[in-house]
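All remarks here apply to the structure that follows.
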Amino acid sequence: MLAEDNSLNRQVAEYVLCDAGAEVVAVVNGLEAIKTFAKAPTGTFDFVIMDVRMPEMDALEANAEDPGIILCGCEDSTDHCGICECICG
């Protein structure tokens with residue numbers, strides 16, 4: 001799942017992920033991501049990509065709501081947390 005509030009960023013990220021062979025469910029904020037994640041059968045999503053800062057509910061709040069959504073602390077391409085180095089780097 002991809003949660004991105006910026007329309008252009010969402011389109012670009014969705015294109016890149018689909019081009020890499022991923023099936024993408026795109027939502028516009030963290031609250032929508034939590035609702036979509038909660039309604040889906042277990043195992044539907046391999047991972048959730050979400051901004052740390054976004055409207056309605058950000059990744060920090062989403063993780064507090066559902067610890068199944070693992071956080072990545074990467075702020076930019078120079079900060080690698082190890083979990084998503086392949087995405088952020």
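When a residue number appears, it is its place in the shown sequence, counting from 1.
Under the side-chain hydrogen bond (donor to acceptor under 3.5 Å, both in side chains) criterion, Thr42 pairs with no residue at all, not counting sequence neighbours.
In this structure, CG in Asn6 is found 9.0 Å from CD in Gln11, a value given to the nearest 0.5 Å.
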Can you give the donor-acceptor pairs under 3.5 Å from side chains of residues 12-27 to other protein atoms, not counting sequence neighbours?
none

Output side-chain donor-acceptor pairs under 3.5 Å for residues 31-39, partner residues at least two apart or in another chain, one line each.
unit_1 : atom_1 : unit_2 : atom_2 : d
Thr36  : OG1    : Glu32  : O      : 2.8

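Taking both residues in full, the closest heavy atoms of Arg10 and Glu4 are given as NH1-O, 2.5 Å, listed atom of the first, atom of the second, then distance.
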